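The shown structure was predicted, so the numbers you read here are calculated from the model rather than taken from an experiment. Read the numbers this way: they start at 1 and go in the same order the structure lists the ligands and their atoms.
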Amino acid sequence: MNVERTLIIFKPDTLQRQLVGRILARFEDKGLRLVGLKLQQSARSQVERHYEVHKGKPFYDALVGFMTSGPVIVAVLEGPQAIDVVRNLLGPTNGRKAPPGTIRGDFGLDVQYNLVHASDGPDTAEKEIALFFRLDELVSYQRVTDRWIVSE
Ligand code: UDP
Ligand code: MG
């Protein structure tokens, strides 16, 4: 099984709205394994690097302002095809268009305030994890439940 790691960020709206526990539970419920987790106030330079593909777009300046407007929680999740699995749990970018059952569909009504970021591919996942975590902040381990979560 193709075990992957993906970076997620609980954006400032998730913390301000006190939804961290409920949204983190969705990832735990799915069976994904937490391998990194921390609360931080992001530096502007780090957010600018993280979103550099969007530089020049009309929403870029507001996005950087939003992502530095308060604390965030960054996390690394691990599991089979975790990158796609997590993107599918989030749903489309716009909370108004995201279907019920997805995190953005269930909790959001906005395009910018869409609660959680997740890496969109293997290359971005690797880059984003390295941008937010040192190697010694990531923990590899097995859970006793793992053999009941993944059969292969
Ligand atoms: N965003 C925005 N307006 C837009 C598109 C995106 O404010 O028209 C914000 C939104 O917070 C989104 C982030 O910019 O999550 C990055 O955009 P992207 O298209 O990469 O969406 P994602 O990959 O997060 O679904
Ligand atoms: Mg994106």
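Salt-bridge formation is not detected for the pair Glu52/Arg49: no Lys NZ or Arg NE/NH1/NH2 atom is positioned less than 4.0 Å from an Asp or Glu carboxylate oxygen. We find that Arg87 and Asp84 are not joined by a salt bridge, their nearest charged nitrogen and carboxylate oxygen being 4.0 Å or further apart.
Not a single donor-acceptor pair under 3.5 Å links the side chain of Asn114 to the backbone N or O of Arg104.
Heavy atoms of Arg87 come nearer than 4.0 angstrom to ligand 1 in at least one pair. Taking 4.0 Å as the cut-off, Asp120 does not count as a neighbour of ligand 1 on heavy-atom distance.
Protein heavy atom in closest approach to atom 9 (C) of ligand 1: Leu63 CD1, 3.8 Å. Looking only at heavy atoms of the protein, atom 1 (N) of ligand 1 is closest to Phe59 CD1, 3.6 Å. Protein heavy atom closest to atom 24 (O) of ligand 1, with residue, atom name and distance, is Arg104 NH2, 3.1 Å. Protein heavy atom nearest atom 25 (O) of ligand 1, with residue, atom name and distance: Thr93 OG1, 2.6 Å. The protein atom (non-hydrogen) at minimum distance from atom 10 (C) of ligand 1 is Val111 O, 3.3 Å.
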Exercise. Check step by step if salt bridge (Lys or Arg N to Asp or Glu O under 4.0 Å) holds for Asp136 and Arg134.
Key: CA-CA 5 Å; Asp136 67 355; Arg134 298 190 316 264; 3.1 Å; yes
Quiz item: Checking ring pair (Phe, Tyr, Trp, His ring centres under 6.0 Å) for the pair Tyr113/Phe66: CA distance, chi angles, key distance, verdict?
Solution: CA-CA 8 Å; Tyr113 296 165; Phe66 164 50; 4.9 Å; yes
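Comparing Asn114, Leu90, Leu115 against atom 12 (C) of ligand 1, the shortest heavy-atom distance belongs to Asn114. Considering each of His54, Gln112, Met67, the one bringing a non-hydrogen atom nearest atom 20 (O) of ligand 1 is His54.
The proximity of Lys11 to ligand 1, defined as any non-hydrogen pair under 4.0 Å, is limited to the side chain. The part of Tyr51 lying near ligand 1 is the side chain, judged by heavy-atom distances below 4.0 Å.
Between the CD1 atom in Ile8 and the CD1 atom in Ile83 there is a gap of 13.0 Å [rounded to 0.5 Å]. Of the inter-residue distances, the one linking Leu131 atom CG with Gln46 atom CD reads 5.0 Å to the nearest 0.5 angstrom.
By the 30° and 60° cut-offs, the orientation of the rings of His50 relative to His117 is perpendicular.
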